[in-house]
Engineer: 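Mind having a look at this structure? Questions to follow.
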2 protein chains.
Amino acid sequence: MKEQELKDYLKEKGLRLTHQRENIIKHFCDKNKHYTVEELYEEMKKEMPGIGFATVYRTLQLLVAAGFALERRFKDDVTRFEPLHKNDHHDHMICIECGRIIEFENKKLERLKDGVAKKHNFCILLHKLEFYGYCEKCRNKKIKGKK
Amino acid sequence: MKEQELKDYLKEKGLRLTHQRENIIKHFCDKNKHYTVEELYEEMKKEMPGIGFATVYRTLQLLVAAGFALERRFKDDVTRFEPLHKNDHHDHMICIECGRIIEFENKKLERLKDGVAKKHNFCILLHKLEFYGYCEKCRNKKIKGKK
DNA sequence: ATTTTATTGATATTGATTTTCAATTTCAAT
DNA sequence: ATTGAAATTGAAAATCAATATCAATAAAAT
Ligand SMILES: [Mn+2]
Ligand SMILES: [Mn+2]
Ligand SMILES: [Zn+2]
Ligand SMILES: [Zn+2]
């Protein structure tokens, strides 16, 4: 269970489990969303009216450092955080109309990527692969609109 | 020849060919680099000491709008501009040690990407593919250092 | 309960990008 | 060559997300 793992991490680092952290973690970690700090801050305020933006910001950084979240930055150039569920690597397609983020994973693509890197004697530590365009719904809407 | 194409573009849009634009274009368009505004500004100052940062910035935007340059933004989160030579699409590997940027193109990868998109009924307009890691030189240096 | 030290939240700062605006330059029409 | 309307310039200011600061507060070890 995530809560215990996190407590262990905090203890190990000499950090403290505050109400703010506890609540943020409860709210964030089971979701399957890509939060901006602002978005999570707005949601947290409903549960803890006094909570500060900086606390949400720092807690997300903490979760990344602890390995419970990933930091992402898409084309709109705001940092987003997503809870890390398993050790699943995945990439993203982002709809430029509605903002929907679709996750995907493709082994063949990963293998091909490694091949390209090897060809250039490049040692990949991480990669970024994002598609931008229209999701199914938005594309359908566009087609109808054109008629 | 690029100069004439650009003059045509300016005329068509009711824009003017200033000394600043002329010099920036001469300096920038034949290079094969990924410039930040700051970098190009520093180089331009040597040729036109009075030139302003904003002018370099605006001229790069203009070149993008005219289709003579591409805007890129890698992990270091500064906007870079590269002259567009042909209609070549390419992606990048970036060395996190020395900053070297290696360009590559892989048809098989592109095809695979389109397949993945189709599977999700996603209509790709553009994509971003970047590798981060060590270039050959830096990796070799690292290996030697470890001994 | 006391003490130590991490944490919080309000606010200030940073740094890249973008905008503003008065002065200047371009260029088409005299 | 001169003019004048309109685009452009450069300095400075505004923007905006991300990050740092710091006095007040809260956690947890003793
Ligand atoms: Mn994701
Ligand atoms: Mn390039
Ligand atoms: Zn959509
Ligand atoms: Zn390198």
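What you are looking at is a predicted structure, and each value in this text was computed from that prediction instead of being measured. Chain naming here is simple, since letters A, B, ... match the order of the sequence lines and numbering starts at 1 in each.
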Engineer: Looking at C:dT2, which nucleotide sits across from it as a Watson-Crick or G-U wobble partner, both distances under 3.5 angstrom, or is there none?
Structural biologist: D:dA29
Engineer: Can you pull out the residues from residues 60-69 of chain B that lie within a 4.0 Å heavy-atom distance of DNA chain D?
Structural biologist: none
Engineer: Checking B:Asp76 now: which residues fulfil salt bridge (charged side-chain N to carboxylate O under 4.0 Å, His left out) with it, not counting sequence neighbours?
Structural biologist: B:Arg80
Engineer: Give the minimum heavy-atom separation between B:His127 and A:Phe131, together with the two atoms involved.
Structural biologist: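 Minimum heavy-atom separation between B:His127 and A:Phe131: CB-CD2, 3.9 Å.
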Engineer: List for me each residue that meets salt bridge (charged side-chain N to carboxylate O under 4.0 Å, His left out) alongside A:Glu105, sequence neighbours excluded, and say none if there are none.
Structural biologist: A:Lys107
Engineer: Got a sec, which residues hit side chain to side chain contact (heavy atoms under 4.5 Å, CB included) with B:Tyr57, two or more places apart in sequence or on another chain?
Structural biologist: B:Val37, B:Phe53, B:Gln61
Engineer: Which residues within residues 72-82 of chain A lie with some heavy atom under 4.0 Å of an atom in DNA chain D?
Structural biologist: A:Arg73, A:Val78, A:Thr79
Engineer: Between atom CG in B:Leu17 and atom P in D:dT9, what is the gap in whole Å?
Structural biologist: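 Answer to the nearest Å: 10 Å.
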Engineer: Using atom types as modelled, flag every donor-acceptor pair under 3.5 Å from a side chain in residues 12-20 of chain B to any protein atom, sequence neighbours excluded.
Structural biologist:
unit_1: B:Thr18; atom_1: OG1; unit_2: B:Arg21; atom_2: N; d: 3.2

Engineer: Under the salt bridge (charged side-chain N to carboxylate O under 4.0 Å, His left out) rule, collect the residues that match up with A:Glu71, sequence neighbours excluded.
Structural biologist: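 Expected list: none.
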Engineer: Hey, what do you get for CG (B:Asn106) to CG (A:Leu112), rounding to the nearest 0.5 Å?
Structural biologist: 5.0 Å
Engineer: Apart from B:Val78 itself, what residues make up its hydrophobic cluster, given side-chain heavy atom links below 4.5 Å?
Structural biologist: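 Reading the cluster by chain and number, B:Val78 sits alone, since nothing else belongs.
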Engineer: Would you mind reading off the distance between B:Glu71 atom CD and C:dA16 atom P, rounded to a whole angstrom?
Structural biologist: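 My rounded result for the distance is 16 Å.
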Engineer: Within this structure, what is the CD-to-C1' distance between B:Glu22 and C:dT26, rounded to whole angstrom?
Structural biologist: 12 Å
Engineer: Which pairs, with at least one residue in residues 113-122 of chain B and sequence neighbours excluded, count as a salt bridge (charged side-chain N to carboxylate O under 4.0 Å, His left out)?
Structural biologist: B:Glu110-B:Lys113
Engineer: Does anything in residues 120-141 of chain A form a salt bridge (charged side-chain N to carboxylate O under 4.0 Å, His left out)? List the pairs, not counting sequence neighbours.
Structural biologist: A:Lys128-A:Glu130
Engineer: Does some side-chain heavy atom of B:Phe81 sit less than 4.5 Å from a side-chain heavy atom of B:Arg72?
Structural biologist: no
Engineer: Mind running side chain to side chain contact (heavy atoms under 4.5 Å, CB included) on A:Phe28 and A:Leu40 for me, showing each step along the way?
Structural biologist: CA-CA 8 Å; A:Phe28 172 79; A:Leu40 184 55; 4.0 Å; yes
Engineer: How close do B:Cys95 and B:Tyr134 get, counting heavy atoms only, and between which atoms?
Structural biologist: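 Where B:Cys95 meets B:Tyr134 most closely, the heavy atoms are SG-CA, 4.0 Å.
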Engineer: With a cut-off of less than 4.0 Å, is there a side-chain N or O of B:Tyr57 near OP1 or OP2 of C:dT18?
Structural biologist: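 Answer yes for this pair, as a side-chain N or O of B:Tyr57 is under 4.0 Å from OP1 or OP2.
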Engineer: I need the residues from residues 29-53 of chain B with at least one non-hydrogen atom less than 4.0 Å from DNA chain D; give them sorted by number, or say none.
Structural biologist: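 Correct list: B:Gly50, B:Ile51, B:Gly52.
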Engineer: Rounding to a whole Å, what distance do you find between B:Asn23:CG and D:dT9:P?
Structural biologist: 11 Å
Engineer: Any N/O pairs under 3.5 Å between the protein and nucleotides 20-25 of chain C? List them or say none.
Structural biologist:
unit_1: C:dT20; atom_1: O4; unit_2: B:Arg58; atom_2: NH1; d: 3.3

